There are 2 protein chains.
Amino acid sequence: MDSKGIKVLVADDEPDILEIVRYKLEAEGYEVATASNGEEALQKARSVKPDLIILDVMMPFRTGMDVCRMLRSDTAFHDTLILMLTALNDELSQVRGLEYGADDYINKPVSPRVLISRVHALLRRKARNIDEAPIQLESLRIDPTQFSVHHEGQAIALAKKEFELLYLLASRPRRVFLRNEILSHVWGPDVIVGDRTIDVHIRKIRQKLGIDCIRTVKGVGYKFEM
Amino acid sequence: MDSKGIKVLVADDEPDILEIVRYKLEAEGYEVATASNGEEALQKARSVKPDLIILDVMMPFRTGMDVCRMLRSDTAFHDTLILMLTALNDELSQVRGLEYGADDYINKPVSPRVLISRVHALLRRKARNIDEAPIQLESLRIDPTQFSVHHEGQAIALAKKEFELLYLLASRPRRVFLRNEILSHVWGPDVIVGDRTIDVHIRKIRQKLGIDCIRTVKGVGYKFEM
DNA sequence: CCGGAGCATTATCAAATTGTTAACCGAAGC
DNA sequence: GCTTCGGTTAACAATTTGATAATGCTCCGG
């Protein structure tokens, strides 16, 4: 239940890899910025203020480790996640990446699947630690830290999946979420469930909330709108 | 699931694997073409124009990576999905598969179930290629992210086809779109529908919008103009 | 004025999509 | 072990959408 306006900066000097990673991340709903060298990565980090930075170790102008170290010494990036991509079996850089304060690192070559799942994991971790922002929309309050939903002061009990689904939709009011997106965010990227499963959960949410705030966009998906 | 008219090309030099994959894919309703070496894969790709190509890395005449790279350098295959089958633990080819622009890859041996689910996932993503740029023309706002149209603040509900048609026209104001162009963009390149179908949708849009912003160019097509 | 070409409109029907209910299954609690 | 709850699925109902046919309109040339 993430990727509401979550920004990821990807820095790699290989244009192809950059594009594939961008594609994959965007398919998961993240906002993606890219940089093709260390210097650009620093600049973009400052202008974009991403939640997560994926850094290739080997880059022109500044190495990923350089960038990592500089970001970490800046308090503005204190809780920005950094994921390092290290060269094949270059264990030394793993160590040093860690020393410089990366939150995770992956050995190249890396499959897109693995990368995405690590990204998810990192962001989930961050979300838990830092605390996810409660959403307040008119009289409806959705608080992920308490896992609770209140409407006009009344507590409404939602089951886990129901809550996650509602939280996803409400995290970006009026944006349409395709059924695929919903599946991949609430159920996970590779989970296969039946076609009617989403509907049923939507129905339960509508039923329990008692207010009409989830719109069906036929042939497309669902969106939250008060 | 639909998978109507979706074409998949499978290239592998193992006849048994080829047949199993073909069988599974056809059972899912895909149209399947096969090739048993790299050269043949290239030819078939050009003649069949598949939506997705499954490439074995190790093939005679041309390796899968070779084929992948050649296809990617051809603009006609720019948005053709490529799924690479790599030998077990052949990590090097993973990297290179990525560099050459495969959209995903799977390590052999692969279970048919997994293969099918990856294929589904890839095609779903492709299907969802909404251009995410909202269009704002005077008091009319067309937002593909929200799948919504607003005129002077008022939301106007359009059905999917109507929305896509309007979005196409509005994406290039004052440019005339021929009926063929409209058909191939909104309905797809190979869909055959009657002559009056476009008219009917145009009418519905005009009706719902309430403003006269779609001009008929007799004998030619339609254009958007505020 | 007439007739045809091309488009607009409307009604209608089939297909696609979603809503709803009930039943099932497994895991967590009692 | 029994019960409850959440999650999933299946089956069917309800709704919406898209496509077509039929008909009307309008512009034009003859």
Side-chain angles (χ1 to χ4, degrees), chain A residues 1 147-149 156-169 176-183 185-188 190-224, chain B residues 1-6 29 117 124 127-128 147-149 156-169 176-180 182-188 190-224:
Chain A
M1 55 171 174
F147 228 79
S148 71
V149 177
I156 298 168
L158 294 187
K160 186 160 165 257
K161 277 269 182 321
E162 292 158 16
F163 183 87
E164 288 173 352
L165 176 48
L166 175 62
Y167 187 71
L168 173 68
L169 295 179
V176 174
F177 287 85
L178 311 185
R179 292 175 102 89
N180 313 339
E181 294 178 316
I182 293 175
L183 279 180
H185 284 122
V186 177
W187 273 262
D190 297 313
V191 180
I192 301 171
V193 293
D195 281 0
R196 300 269 68 71
T197 301
I198 293 178
D199 309 13
V200 173
H201 286 275
I202 291 281
R203 174 167 187 288
K204 286 181 182 165
I205 295 171
R206 284 172 169 158
Q207 196 172 256
K208 288 182 177 178
L209 288 191
I211 51 177
D212 173 36
C213 57
I214 298 178
R215 305 279 144 76
T216 303
V217 183
K218 269 209 142 186
V220 186
Y222 294 93
K223 66 163 136 175
F224 184 98
Chain B
M1 296 286 146
D2 43 350
S3 57
K4 44 182 184 221
I6 291 180
S117 92
R124 266 199 302 271
R128 162 220 182 260
F147 220 89
S148 70
V149 178
I156 299 168
L158 293 188
K160 195 168 154 215
K161 275 264 163 17
E162 292 158 16
F163 183 88
E164 288 170 351
L165 176 47
L166 175 62
Y167 187 73
L168 173 68
L169 296 179
V176 176
F177 286 86
L178 310 183
R179 283 168 175 270
N180 319 342
I182 294 175
L183 279 181
S184 89
H185 280 120
V186 178
W187 274 262
D190 301 315
V191 181
I192 301 170
V193 293
D195 279 3
R196 301 271 67 75
T197 301
I198 294 178
D199 309 14
V200 174
H201 283 92
I202 292 282
R203 174 168 185 286
K204 285 182 182 164
I205 295 171
R206 284 171 167 157
Q207 192 174 259
K208 288 183 176 178
L209 288 191
I211 52 177
D212 174 35
C213 57
I214 298 178
R215 305 282 145 74
T216 304
V217 183
K218 280 193 104 170
V220 186
Y222 294 93
K223 67 166 157 175
F224 184 98

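From a predicted model like this one, the values you see are computed outputs, not experimental measurements. Each chain gets a letter, A, B and so on, in the order the sequences are listed, and its residues count up from 1.
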Is [X] close enough to [N] that one of its side-chain N or O atoms is under 4.0 Å from OP1 or OP2 there?
X         : N       : result
Thr197(A) : dT8(D)  : no
Trp187(B) : dG18(D) : no
Thr216(A) : dG19(C) : yes
Tyr222(B) : dG6(C)  : no

- prompt: Do any of residues 201-210 of chain A sit with a heavy atom less than 4.0 Å from DNA chain D, and if so which?
  reply: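 Of all residues in residues 201-210 of chain A, the ones placing a heavy atom under 4.0 Å from DNA chain D are His201(A), Lys204(A).
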
query: Quick one: on DNA chain C, does Gly219(B) or Gly221(A) contact a more 5' nucleotide (nearest heavy atom)?
result: Gly219(B)

Would you kindly give the [atom1]-to-[atom2] distance between [X] and [N], to the nearest whole Å?
X         : N       : atom1 : atom2 : value
Arg215(A) : dG19(C) : CZ    : C1'   : 17 Å
Asp199(B) : dA19(D) : CG    : C1'   : 12 Å
Asp195(B) : dT9(C)  : CG    : P     : 17 Å
Ile182(A) : dT17(C) : CD1   : P     : 15 Å

statement: What residues 157-166 of chain B contributes to the DNA chain C interface at heavy-atom separation below 4.0 Å is none

message: Between Ile202(B) and Leu169(B), is there a side-chain heavy-atom distance shorter than 4.5 Å?
response: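 Leu169(B) reaches Ile202(B) side chain to side chain.
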
message: Can you confirm whether Leu183(B) sits close enough to Val191(B) that some side-chain heavy atom of one is under 4.5 Å from a side-chain heavy atom of the other?
response: no

Protein-nucleic acid N or O pairs under 3.5 Å, nucleotides 22-30 of chain D:
none

statement: Of the candidates dA8(C), dT18(C), dA21(D), the side chain of Val200(B) sits closest to dA21(D)

task: Classify the ring geometry between Phe147(A) and Phe163(A) as parallel (under 30°), tilted (30 to 60°) or perpendicular (over 60°).
output: parallel

task: With sequence neighbours excluded, tell me which residues meet ring-ring contact (aromatic ring centres under 6.0 Å, His included) with Phe224(B).
output: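 Residues passing ring-ring contact (aromatic ring centres under 6.0 Å, His included) with Phe224(B): none at all.
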
field: Test side-chain hydrogen bond (donor to acceptor under 3.5 Å, both in side chains) applied to Lys160(B) - qualifying residues, sequence neighbours left out
entry: none

Helical stems, DNA chain D - three or more consecutive Watson-Crick or G-U wobble pairs below 3.5 Å: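 DNA chain D stems, ordered by first number: C:1-30 with D:1-30.
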
message: Closer than 4.0 angstrom, basic N to acidic O: yes or no for Arg179(B) and Asp199(B)?
response: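 Judged by the 4.0 Å cut-off on N to carboxylate O distance, Arg179(B) and Asp199(B) do form a salt bridge.
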
